[in-house]
Amino acid sequence: MIENNSDNTQIKNADEMMYEAGFEKDDEYSNEDKVMYNCLTENAHWIVYFFKSYGRIVNYTISHSHYFETDGEWKEMNPVVDMELHKAIHQVLLENGWL
């Protein structure tokens, strides 16, 4: 649900922000200790995975694979995170009480 601040700017929740960045929440792998978002296109697969370790510490990892048609295979790439995805990741951490 999108709400407005007192200055009339919109407040979006984490799922909406991740969706706008191209990701969908994977409910099958998400619970109170972990959250997973996927983005799958014809040539790219992104995963953002948040998880608790040692009971309280929260980490997240980002993976990016790209399909190269010339080689006919998927290869791991260095993920480059744009500002919209960075803000969405921060919102996921906030909403889950992990910051």
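Under a cut-off of 6.0 angstrom, the local environment of CD in Glu76 is crowded, with over 12 non-hydrogen atoms contributed by other residues, nucleotides or ligands. Dense packing is recorded around CZ of Phe68, with more than 12 heavy atoms of other residues, nucleotides or ligands lying under 6.0 Å away. Around the CD atom of Glu95, the shell of radius 6.0 Å holds more than 12 heavy atoms that belong to other residues, nucleotides or ligands. Within 6.0 Å of the OH atom in Tyr60, the count of heavy atoms belonging to other residues, nucleotides or ligands does not exceed 12. Environment of NE2 in His86: sparse, with no more than 12 heavy atoms of neighbouring residues, nucleotides or ligands closer than 6.0 Å.
Taking the six-membered ring where the residue is Trp, Phe51 and Tyr49 present parallel rings, their angle staying beneath 30° rather than reaching 60°.
For the pair Tyr37 and Ile89, the minimum side-chain heavy-atom distance is 4.5 Å or more. At least one side-chain heavy atom of Leu85 sits less than 4.5 Å from a side-chain heavy atom of Met18. For the pair Asn13 and Gln91, the minimum side-chain heavy-atom distance is 4.5 Å or more. Using a 4.5 Å cut-off on side-chain heavy atoms (C-beta onward), Glu42 and Tyr67 make no contact.
Linking ILVMFWY side-chain heavy atoms closer than 4.5 Å, directly or via other members, places Leu94 and Phe23 in a single hydrophobic cluster. Trp46 and Leu40 fall into different hydrophobic clusters, where Ile, Leu, Val, Met, Phe, Trp and Tyr residues are linked whenever their side-chain heavy atoms come under 4.5 Å apart, directly or through other members.
Minimum heavy-atom separation, His66 to Asn43: ND1-O, 3.0 Å. Nearest approach of His45 to Trp74, heavy atoms of both residues: N-CZ3, 3.8 Å. Glu32 and Lys52 make their closest contact through O-CE, 4.4 Å (heavy atoms, listed as atom of the first residue, atom of the second, distance).
Of the listed residues (Thr61, Ile62, Val48, Ile47), just one forms a side-chain contact (heavy atoms from CB on, under 4.5 Å) with Pro79, and that residue is Ile62. For the pairing with Phe50, the side-chain contact (heavy atoms from CB on, under 4.5 Å) check across Asn96, Val92, Asp33 returns one residue only, Val92.
Here CG of Asn38 is found 5.0 Å from CG of Asp26. Values are rounded to the nearest 0.5 Å.
Not a single donor-acceptor pair under 3.5 Å links the side chain of Asp71 to the backbone N or O of Glu73.
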